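Please read the structure below before turning to the comments.
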Amino acid sequence: MASDDGKSMTFWEHLEELRRRIIISAIAVGISVAASLTFHNFYAKILTLPLNMPINVSLATLIDWVGAPDGSFFGYLSIVLRASGSTVDAKIIKGGVVEGIMAYIKISFTFGFLMASPVVLYQIWSFIFPALTHREKRYALPLFFVIVFFFVVGAIFAYFIVAPVVMEFSAKLLKDYDNLWELDRYVNFLTRLLIGFGIAFELPIVMAFLSWIGVINSQGFRERRNYAFLGIFVLSAMLTPADPASMLLMAIPLIGLYQLGIFLAFLVESEPESYA
């Protein structure tokens, strides 16, 4: 590996560089977590927002934002969806003496790490980038932003669409019982849902990478498309409630992402192998 000025670095210089990057990242995380501790009430409101954001109203707002004419089918659909919207009939409770403390710490640390992530990612990038070849450097920065973009899109989709659907479906089951959801479990559920969908939306990037290293090409993905779609529906049925709506909310985007992955794999394998 070479340093920023192009000179080769020794093993101990690599360790010193790594130590410096880790210290900077740790300081950034510490400052961000400390700042998050003072804004925990705001973050708690963000976490509970899906309870007051029913899917019908969200879809109606999206239709209105696109600008569907009032007399059209979509304009009528927007009116129907908004009229049938209702908040999730559930209450978040603290199920133990220390549960509020643990949730407070968990929420603050989660948002603290998110706030510090740009600094941490930059430190990782600065440490790895000098070791890349010319070809790898050409792809590294665009690939980094594409990975972040797909993860953010997946998390946003889970927050605004999937979470309200799952919560509303769960709240309407067994209506003879009150919906008293423990705070710690609620935080864990929402966090895992956002991370899970963020990772799932990386599917096109994984497919392009497999094509790039020669494991399988775009034609191979096309030939296995039916099996992939079947696997997507099975996985969606396992990871969501049993109703068709929530299963389709995961399956349909993944099918679209699989198609996008085939296209990206084709682009990657069409690139020339050497560069000046």
Side-chain angles (χ1 to χ4, degrees), residues 1-44 46-47 101-156 158-159 184 187-188 190-215 264 268 271 273-276:
M1 182 187 294
S3 61
D4 295 337
D5 57 6
K7 297 180 180 178
S8 179
M9 298 174 63
T10 66
F11 173 76
W12 296 108
E13 287 174 334
H14 284 309
L15 288 182
E16 178 60 26
E17 176 72 8
L18 178 61
R19 186 183 71 87
R20 186 171 67 88
R21 300 292 182 186
I22 292 176
I23 291 176
I24 294 175
S25 300
I27 292 174
V29 170
I31 294 175
S32 299
V33 170
S36 298
L37 291 171
T38 62
F39 296 105
H40 64 280
N41 289 329
F42 172 73
Y43 298 141
I46 293 178
L47 289 173
I101 299 175
M102 297 305 298
Y104 166 70
I105 295 174
K106 187 177 297 183
I107 292 171
S108 299
F109 268 81
T110 298
F111 281 94
F113 277 106
L114 289 176
M115 290 171 57
S117 60
V119 177
V120 176
L121 292 174
Y122 175 77
Q123 297 304 318
I124 296 174
W125 170 263
S126 299
F127 181 76
I128 295 176
F129 187 77
L132 302 179
T133 64
H134 177 74
R135 185 190 182 198
E136 291 168 341
K137 288 179 179 179
R138 183 187 179 198
Y139 289 107
L141 187 58
L143 178 62
F144 171 77
F145 284 112
V146 169
I147 290 174
V148 173
F149 171 78
F150 276 101
F151 185 89
V152 171
V153 169
I156 291 175
Y159 182 83
D184 187 60
V187 172
N188 288 338
L190 195 57
T191 302
R192 292 174 181 175
L193 188 70
L194 298 183
I195 295 175
F197 267 81
I199 294 175
F201 270 54
E202 301 291 347
L203 176 62
I205 310 302
V206 174
M207 294 171 63
F209 177 75
L210 292 176
S211 178
W212 188 51
I213 63 177
V215 174
L264 294 180
V268 168
E271 286 289 330
E273 293 296 327
S274 61
Y275 299 91

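Everything numeric here is computed off the predicted structure, so don't read it as measured data.
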Legend entry - Any residue meeting side chain to side chain donor-acceptor pair (under 3.5 Å) with Gln123, in chain and number order, not counting sequence neighbours: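 Counting only residues at least two positions away or on another chain, Gln123 forms a side chain to side chain donor-acceptor pair (under 3.5 Å) with Arg21.
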
Hey, what do you get for [atom1] ([X]) to [atom2] ([Y]), rounding to the nearest 0.5 Å?
{"X": "Ser108", "Y": "Lys106", "atom1": "OG", "atom2": "NZ", "answer": "12.0 Å"}
{"X": "Glu17", "Y": "Ile22", "atom1": "CD", "atom2": "CD1", "answer": "10.5 Å"}
{"X": "Ile124", "Y": "Leu18", "atom1": "CD1", "atom2": "CG", "answer": "10.0 Å"}
{"X": "Ser25", "Y": "Tyr122", "atom1": "OG", "atom2": "OH", "answer": "11.5 Å"}

Tell me which donor-acceptor pairs under 3.5 Å the side chains of residues 197-211 have, and how far apart each pair is, sequence neighbours excluded?
| unit_1 | atom_1 | unit_2 | atom_2 | d |
| --- | --- | --- | --- | --- |
| Glu202 | OE2 | Phe151 | N | 3.3 |
| Ser211 | OG | Ala265 | O | 3.2 |
| Ser211 | OG | Glu269 | OE1 | 3.1 |

Legend entry - Nearest atoms (heavy-atom pairs only) where Ser32 meets Gly112: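 Between these two residues, the closest heavy atoms are CB-O, 3.1 Å.
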
Inset, instruction - List the atom of Ala155, the atom of Leu194, and the distance in Å for their closest heavy-atom pair. - result: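 Residues Ala155 and Leu194, closest heavy atoms: O-CD2, 3.2 Å.
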
Legend entry - Donor-acceptor pair, side chain of Tyr104 and main chain of Leu37, under 3.5 angstrom: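 Flag set: sc Tyr104 to bb Leu37 pair under 3.5 Å.
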
Legend entry - Donor-acceptor under 3.5 Å (Thr38 side chain, Ala35 main chain):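 Judged by distance alone, yes, a pair lies under 3.5 Å.
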
